[in-house]
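Each chain gets a letter, A, B and so on, in the order its sequence line appears, and its residues count up from 1. All values reported here derive from a predicted model rather than from experimental measurement.
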There are 2 protein chains.
Amino acid sequence: MPRAGLTPQTVVREAAVLADEVGHDRLTLAALAARLGVALPSLYKHVRGVDALHQKLAVLATAEIATELTTAAAGRAGGDALRATATAFREYARRHPGRYPATQRAPDPDDPEHLAAAERAVGAIYAILRGYDLAGDAAVDATRMFRAAVHGFITLEAAGGFGLPRDIDRSFDEMVAALDTAYRNWRSR
Amino acid sequence: MPRAGLTPQTVVREAAVLADEVGHDRLTLAALAARLGVALPSLYKHVRGVDALHQKLAVLATAEIATELTTAAAGRAGGDALRATATAFREYARRHPGRYPATQRAPDPDDPEHLAAAERAVGAIYAILRGYDLAGDAAVDATRMFRAAVHGFITLEAAGGFGLPRDIDRSFDEMVAALDTAYRNWRSR
DNA sequence: CGGCGAAAGCTAAGGGGGTTAGCTTTATGG
DNA sequence: CCATAAAGCTAACCCCCTTAGCTTTCGCCG
C-alpha cells in the first residue's frame with residue numbers, strides 16, 4: 001500500500017481547508033484523517049493531538065492575517081489605511097470562517113513562530129496609528145480598540161448577532177469612520 | 001432512594017454555576033449530572049440535550065446581562081451612562097466567565113423568552129444613544145459599534161489576547177472614552 | 001385512604017471522537 | 001543491498017452524548 005506522504009505542514013494546511021468548509025467546531029481528527037485518506041491515529045505522527053492541531057491552525061491563520069493586513073496598509077496612510085486594514089481583516093474572516101476562530105486562543109509563549117505572527121499582525125495595526133500621531137500608551141490603547149471593535153464586529157456578524165434589517169456592510173463602514181473620528185480626536189478630550 | 005427534585009430551571013441554574021467554575025467549553029452533561037447527584041440520562045427529563053442546555057444558558061445569561069445593563073444606565077445619561085453600561089457589561093463577563101460565552105449564539109427565533117432578553121439588552125444600549133442625539137440608522141450603527149467594541153474587548157481579554165504590559169483596565173477606559181468622542185461627533189464627519 | 005397515572009430517575013446499550021501502545025511496512029542513505 | 005528511522009496500521013480504552021425501556025415515586029382524585 002502506497003504511503004500518503006504527509007507532513008505536519010500538509011496536515012495543518014488541509015485542516016485549514018476542512019475547517020473553512022465545515023466550521024471550526026467541526027474540525028475533527030476523524031474527519032481530517034478521512035479526508036487525507038489515512039487512519040486516524042496516523043495523524044499523531046505529525047501532530048501531537050487535537051489541541052495542538054488547533055494551535056497550529058491558529059499560527060497559520062494569524063500569519064495569514066498579518067500578511068493581509070500589512071498588504072492592505074501598504075501605500076496608504078491615515079483614514080485610508082484604517083479603512084483598508086479593517087476591511088481586509090473582516091474579509092479574511094468571511095473568506096476563512098473556519099480558520100478565523102482558531103485565532104481566538106492566546107499565542108503560545110513557547111512558539112516563536114506564533115509570537116512572531118501575532119506581533120506582525122498587531123504591528124500592522126500599530127503602524128497605522130502613527131498616521132494619527134499616536135504613540136506609546138495611547139497607541140497601545142488605540143490598537144486594542146481597533147482589534148476589539150473589528151474582532152467583535154466579525155464575531156457578532158458570524159454568530160448572526162445582528163438582528164435588525166439595517167445593512168451590515170453599512171454599519172461596518174460607519175464603525176470604521178467612527179474609529180477614524182475617535183483617533184483624530186484622541187489627544188484632545 | 002429519594003428523588004433529586006430537579007426542574008428545567010434548577011438544571012440550567014446549576015449549569016450556569018458549573019460553567020462559571022470550569023469554563024464554558026467544559027460544561028458537560030456528565031459533570032452536570034454528577035454535580036446534581038443524578039445519573040446522566042436523567043437530565044434528559046429536563047433538557048433536550050447538550051445543545052439545548054447551552055441554548056438555555058444563553059437565554060439565562062442574556063437576561064441577566066440585560067438587567068445589569070438597564071440597572072447600570074438608570075439615572076445616568078450621556079458619557080456617564082455609556083461608561084456605566086460598558087463597565088457593567090465587562091464586569092458581568094468577568095464575574096461569569098462561563099455564562100458569557102454562551103451568549104455568543106444567535107437568539108433562537110422560536111424562543112420568545114430569548115428574543116425578549118436580547119431585545120432588552122440591545123434596547124438598554126440603544127437608549128443610551130438617545131443622549132447623543134442619535135436615532136434611526138445612526139443609532140443602530142452606533143449600537144452595533146458599542147456591542148462590537150465591548151464584546152470584542154471582553155473576548156480578547158478573556159483569551160489572553162492582550163500581550164503587552166500596558167494595564168488593561170486603562171485601555172478599556174480609554175476605549176470607552178473614545179466611543180464617547182465618536183458618538184459626540186457622529187453626525188459631523 | 002387507597003390506588004392510578006404522570007413524571008422522575010435508573011440501567012443498558014450503542015455511537016462518535018480522542019489517545020496510547022505496539023506492530024508492520026516503506027523509504028532512504030550509507 | 002540492507003539497516004534504520006519514520007509512516008502508517010490495528011487494537012484497545014476512555015469519555016461524552018443519546019435513545020430505549022424499565023422502575024419508582026409522588027400527587028391527585030375517587
> When the distance from CG of B/Leu6 to P of C/dA8 is rounded to whole Å, what number comes out?
9 Å
> Quick one, A/Leu27 and A/Leu57 - any side-chain contact, counting heavy atoms below 4.5 Å?
yes
> Check whether A/Tyr92 reaches the backbone of A/Glu64 with its side chain - one donor and one acceptor, N or O, closer than 3.5 Å.
no
> Which whole-number value in Å describes the distance from B/Leu43 CG to D/dC17 P?
9 Å
> Roughly how many Å is it from NE2 in A/His54 to C1' in C/dG17, rounded to a whole number?
12 Å
> Separation of B/Leu36 atom CG from C/dC10 atom P, in whole Å?
11 Å
> For the residue pair B/Thr62 and B/Arg120, confirm or rule out a side-chain donor-acceptor distance under 3.5 Å.
no
> Measure the distance from CZ on B/Arg48 to C1' on D/dC17 and round it to the nearest whole Å.
16 Å
> Determine: side-chain N/O of A/His46 to OP1/OP2 of D/dG8, distance under 4.0 Å, yes or no.
yes
> Parallel under 30°, tilted from 30 to 60°, perpendicular over 60°: which one fits the rings of B/His151 and B/Tyr100?
tilted
> Please report, rounded to the nearest Å, how far the P atom of D/dC26 is from the NZ atom of B/Lys45.
15 Å
> Using salt bridge (charged side-chain N to carboxylate O under 4.0 Å, His left out) as the criterion, point out the one residue from A/Arg99, A/Arg35, A/Arg26 that pairs with A/Glu21.
A/Arg35
> If every non-hydrogen atom of B/Ala88 is compared with every non-hydrogen atom of B/Glu68, which pair is closest and at what distance?
CB-O, 4.1 Å
> Between atom CG in A/Leu53 and atom C1' in C/dT19, what is the gap in whole Å?
14 Å
> Can you tell me if B/Ser42 touches the phosphate of C/dC10, counting only side-chain N or O atoms and a distance under 4.0 Å to OP1 or OP2?
yes
> Side chain of A/Pro41 only, please: which of D/dC17, D/dA11, C/dC10 is the nearest?
D/dA11
> Please tabulate, one pair per line, each protein N/O and nucleotide N/O from nucleotides 13-16 of chain D that are separated by under 3.5 Å, including the distance.
residue, atom, partner, partner atom, Å
D/dC16, O3', B/Thr28, OG1, 3.0

